[in-house]
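Report on the structure given below.
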Amino acid sequence: MMTVFQNKYGYFDEEGKEYVITRPDTPRPWVNVICPGDYGLVISQTGGGYSWKTHASLNRITRWEQDLIRDDWGKYVYLRDDNTGYFWSLTWKPVCQNPEFYQVHHGIGYSKFISRNYGIRSQLTIFIPKDDPVEIWWVELTNESNQEKTLSLFTYLEWGLGVAPDSHREFHKIFIETEFDGKLNTLLSRKRFWELPNEKGQHWNRDWEYVAFHSVNEPVVSFEGDKENFLGMYGSLQAPAAIKKGRLTNSCGKWGDAIGSLHNQVKISPGESIQLVYLLGAVKKEEMTRLEELILKYQNLKTVEKAFTEVKRFWNQLLSTLEVKTPDVGFNLMNNVWLKYQAISGRIWGRTGYYQAGGAYGFRDQLQDSQIFLLIDPDKTAEQIKLHAAHQFPEGRVNHWWHPLSEIGAENNISDNLLWLPFVTIKYLKETGNFDFLDEKVPYKNGEEATIYQHCCQAIEYSLSKRSKRGLPLIGDGDWNDGMNAVGFAGKGESIWLGHFLYGILKDFTIVAEKYDDVNRAARYRKEAKNLKKAINDYGWNGEWYIRAVCDDGYVMGSKECKEGKIFLNAQTWAILNDVADEERAKKVFRSVEKYLIREYGPILFYPAYKKPYPNIGYLSRYAPGVRENGGLYTHAATWAVLAACKLGYGEKAYRILKSFLPPYRGQNPDLYKVEPYVTPGNVDGPDSPNFGRGGWSWYTGSAAWTFLVAIEGILGIKAEWDGLRIEPAIPTEWEEFFVSRQYRGATYQIYFKKIQKEEAGIYIDGERLKGNVIFPHGDGKIHKVEVFFK
Ligand code: GLC
């Protein structure tokens with residue numbers, strides 16, 4: 001097999017659909033976030049990780065504590081040679097036996113661990129069937145020695161059952177009850193306490209609403225529900241007392257420290273292979289029949305095989321609706337596979353990772369993420385818009401975040417959240433042309449019905465009402481940058497970035513309002529936009545770049561006079577993207593960005609970093625200098641610099657910037673970069689950090705969807721506009737040919753780009769020359785061939 005982007009820890013397979021890790025000691029846990037909708041799990045290359053249903057923090061199935069250095073909380077399978085007493089684990093942790101062979105294949109919707117110890121080859125495939133709340137651990141053991149082997153398998157997991165982290169374990173364990181159901185060959189676990197208010201608003205007086213189960217398709221020899229029995233007092237997961245002994249005590253009940261372990265024994269002749277299937281899942285308490293059905297269903301190996309094929313097919317179909325083929329292999333595999341998978345499985349469905357165990361919806365976060373669906377399944381973007389609209393208050397403000405399951409949400413004065421609602425709605429309309437969507441009704445948080453149009457208008461009106469005397473938006477408790485949470489706390493601070501953002505929305509929404517026959521509003525927004533642009537250019541321009549914000553106390557952030565926080569990226573990129581700066585000024589702005597912010601590993605959020613906390617700015621100045629929002633590369637924001645370069649027609653520069661932070665390339669220096677080469681990290685340390693270039697916060701980042709968008713809309717230049725699909729690539733000079741297949745308003749466009757020397761440049765659709773560069777929608781369900789000849 002051909003390997004791609006090989007480094008000392010692993011490589012991509014030829015198609016880029018699997019990342020294969022070849023040794024367990026990667027510089028940080030390299031994980032997979034597997035969530036096909038509701039039930040989910042995270043698993044690292046050592047076997048660490050956790051499982052949940054619906055909410056990764058409020059509804060944890062298994063316990064896990066965040067420790068990225070030890071990475072030693074997981075669900076494990078031990079193997080014991082019953083003749084010799086030697087034991088090891090199918091994943092490297094917890095025994096940490098030095099395997100003769102070790103490979104982890106992180107795939108789309110599954111992870112597979114292959115290893116070889118003491119003559120036994122083992123393969124553990126972990127996946128979640130598309131529509132069932134259960135994870136499957138599919139084990140295959142092959143005896144590669146020349147002796148018959150009697151092997152014991154022991155599983156191990158610690159029950160969480162509810163809110164995590166349950167750091168007060170001595171309290172929580174009292175509510176858990178485990179049971180072995182002999183008929184089902186299954187451990188069941190319940191908890192008669194859930195640290196959530198109940199429907200009546202009563203404090204924590206409720207059952208955990210589920211039953212968790214752990215089952216196996218072969219009769220068990222023994223089982224265990226108690227941690228002390230398993231590990232032994234002062235024992236360890238690396239060498240548990242029960243494994244040394246080779247037997248469990250069959251204890252379950254209310255009085256233990258609840259774990260789950262199942263023991264099976266198999267005999268395998270030389271050359272022979274056997275398979276076992278373990279299940280872990282949870283259903284509602286009243287769904288006991290479903291539980292039995294699930295267990296029976298997946299005790300059958302054929303069904304397991306089929307479910308595995310189906311879940312792979314599901315992902316393949318979803319991800320293959322948009323395909324690119326360019327001369328850049330890293331660009332291709334990220335856009336064809338991993339960015340979409342990260343955004344959907346990790347951010348939208350799972351909403352969690354290793355650096356942040358989440359579960360909530362961020363108002364601005366998942367709305368932005370849902371843009372990934374615009375290009376592959378726009379109905380899902382519409383669903384997300386509706387879900388977020390339902391978390392808006394009638395006056396227009398919104399929940400900063402909220403928890404599914406409990407509906408508890410944060411209310412604050414962060415000023416940009418609400419505007420992402422019209423922002424994504426506008427993009428949905430450009431993509432689909434479905435203006436009927438504006439009439440769909442979704443209640444506000446108080447139950448009052450409103451159309452999507454009204455929801456959007458209320459968001460804009462609320463923003464317009466929160467402006468300073470100078471006509472600039474008030475930043476409130478922060479804008480996109482959460483860490484600027486003190487800038488406008490007292491209600492005076494202004495945000496220039498928010499001005500750029502609002503300006504773009506006002507311009508686009510003028511068109512929406514016109515199409516909606518709301519002519520007065522259209523006229524008003526047009527005027528507001530004009531005034532806002534003037535205010536930004538009058539008060540926000542310092543001669544070479546735009547300032548970022550003005551604090552309550554009048555301190556100007558991001559100006560030439562500042563020693564720290566002199567120039568901020570977002571205040572520049574969005575001025576270019578939304579035409580707040582005219583062409584000459586936009587070019588000047590970009591030159592300043594290049595001078596101060598574009599660094600070896602990508603564009604940093606601002607420069608220089610704050611070296612000490614500034615109480616008038618907020619917590620971003622409290623981070624270590626150069627880390628995360630304090631002058632690091634914040635990948636989410638870095639993508640907008642790529643887009644700004646594209647907007648200015650700087651194809652070569654745009655591509656170089658993107659490549660400088662694209663994970664497969666950064667993964668070529670894994671001991672500096674540290675994080676996974678197959679998904680985007682939230683941040684990379686900037687030049688003011690001693691760890692300049694080190695990645696962090698992987699998986700759970702809004703940069704996945706944005707990196708995809710800037711690649712497709714910016715670099716490849718295929719962008720949905722009001723009237724059609726605009727073709728305007730901004731590519732590097734070395735690209736001679738590339739291809740994109742994309743769906744648009746009910747038709748498929750196969751777009752072939754070709755550099756030509758002599759002939760005339762131009763675009764042809766189905767052989768006919770197009771006037772201009774916008775493809776008007778065919779909407780005929782057919783495939784259309786588009787040829788783009790460029791010089
Ligand atoms: C975090 C937040 C996101 C915010 C960003 C920048 O990623 O989830 O909403 O925009 O930080 O502060």
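Atoms within each ligand, like the ligands themselves, are counted from 1 in listed order.
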Kindly assign one of parallel, tilted or perpendicular to the pair His500 and Tyr546, based on the angle between their ring planes and the thresholds 30° and 60°.
-> perpendicular
Angle class for the His55/His403 ring planes (parallel below 30°, perpendicular above 60°, tilted otherwise)?
-> tilted
Criterion ring-ring contact (aromatic ring centres under 6.0 Å, His included) on Phe423 and Phe501, from CA distance to verdict | CA-CA 9 Å; Phe423 179 88; Phe501 186 45; 5.6 Å; yes
Under 3.5 Å: N/O of Trp480 near N/O of ligand 1 | yes
Give a yes or no on whether a salt bridge exists between Arg364 and Asp482, defined as a side-chain N under 4.0 angstrom from a carboxylate O.
-> yes
Where ligand 1 meets Asp482 - atom numbers and elements under 4.0 angstrom, heavy-atom basis = 2 (C), 3 (C), 4 (C), 9 (O), 12 (O)
Number the atoms of ligand 1 from 1 as they appear, then name those within less than 4.0 Å of a heavy atom of Asn481, with their elements.
-> 12 (O)
Give the residue and atom name of whichever protein heavy atom lies nearest to [atom], and the separation in Å to one decimal.
atom	value
atom 12 (O) of ligand 1	Glu629 OE2, 2.6 Å
atom 9 (O) of ligand 1	Arg364 NH1, 2.7 Å
atom 3 (C) of ligand 1	Asp365 OD2, 3.3 Å

For the residue pair His391 and Tyr444, is the inter-centroid distance of their aromatic rings smaller than 6.0 Å?
-> no
Gln366 side chain to Gln384 backbone, donor-acceptor under 3.5 Å = no
For atom 11 (O) of ligand 1, which candidate among Tyr619, Tyr700, Tyr634, Trp401 holds the nearest heavy atom?
-> Tyr634
